[in-house]
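Counting convention: from 1, in listed order, for ligands and their atoms alike.
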Amino acid sequence: MNIIEKILQLKKERNAVILAHNYQIPEVQDIADFVGDSLGLSIQAAKTDAEVIVFCGVHFMAETAKILSPRKTVLIPEKAAGCPMADMINADQLRTLKAEHPGAKVLCYVNTSAAVKAECDLCCTSANAVRMVREGLKDAEEIIFVPDHYLADYVSTQTGRSFIVWPGFCPTHARILPENVLQEKELHPEAVVIAHPECPPELRKLADCVTSTEGMCRYVKETKAKEIIVATERGILHRLRKENPDKVFYPASKFALCMNMKLIQLEKILWALEDMAHEIIVPEEIADRARASIQRMLDFSE
Ligand code: 13P
Ligand code: SF4
């Protein structure tokens, strides 16, 4: 049996489902039951009938799956796969910020730890952040938005609201420079540019479409353009190419790699299923409070 056959057999024996983020390496995306963005993966985690979720993504994503499915076993094949942006704020720091703005409502990006989510009123992903502000927080006089100040800036341009922000950012998206996009545009003048809202504002201004990774997959299917410059983590190019064989994709930067996402490989998925490792555990008291902010987001997303 080859490794893929072994994984599929063990997956059946364990009654497991494999969820993978759009930035995972091609072999992992190809073996997954579902590939998507943070919002899509949360929805899948909440509704799966499987007893075990093998989460191929970074730690906060697996933690979100566990919070939404507390009775299921959630495994992350590589426990070192964290998100540097999520690690830029902790619960103590958020509590201090809240104490400085006692009347403010708190919106947290899903790229945060469970302990941070437990301190928030509402969670959002890049796919629904604008909607959460417009609908979920329409009556809020002041809003704290953590940790990504670039996403906060993007949402501010869309909603006209200003936020109390935290200086967090994604090192992978910050690495994509406007000059990289301008260079690609010069080489491919017919191409349209898609960018993730985690990109800095100077880069976003060059984009024809700013959206989440799932939004990119949708936009690319619908656009008449045949060439697309992609300003996000390069792993998504696998899915874009697979779903759109008639279109040509150019990564905006060869340096747009999230090494944490790349830590998960087929061997580690097999070992995770063999050893039932590494199990995600979230203390109940934190999980209950974090679930409230995630569930409010999911209720608005329907
Ligand atoms: P998406 O929710 O758009 O997939 O983004 C997650 C992420 O970590 C982007 O860096
Ligand atoms: Fe975190 Fe950025 Fe990697 Fe997304 S791409 S998981 S925000 S470090």
Would [X] and [Y] pass as an ion pair if we require N to O under 4.0 Å?
| X | Y | answer |
| --- | --- | --- |
| Asp121 | Arg296 | no |
| Lys262 | Glu233 | yes |
| Asp92 | Arg95 | yes |
| Lys221 | Glu243 | yes |
| Arg239 | Glu214 | yes |
| Arg289 | Glu119 | yes |
| Lys105 | Asp139 | no |

So how many protein N, O or S atoms does atom 2 (Fe) of ligand 2 have within less than 2.8 Å? 1
Output the list of atoms in ligand 2 that are nearer than 4.0 Å to some heavy atom of Tyr23, sorted by atom number. 5 (S)
In sequence, state the C-alpha distance, the side-chain angles, and the governing distance for Met261 and Gln24, and then conclude on side chain to side chain contact (heavy atoms under 4.5 Å, CB included). CA-CA 6 Å; Met261 286 281 182; Gln24 290 291 296; 3.4 Å; yes
Contact residues of ligand 1 with a heavy-atom cut-off of under 4.0 Å? His21, Tyr23, Asp37, Ser38, Asn111, Ser126, His173, His196, Glu198, Ser212, Thr213
Would you name the heavy atoms of Ala91 and Val116 that are closest together and state the gap between them? N-CG2, 3.7 Å
Aromatic contact, Tyr250 with His188 (centres under 6.0 Å): yes
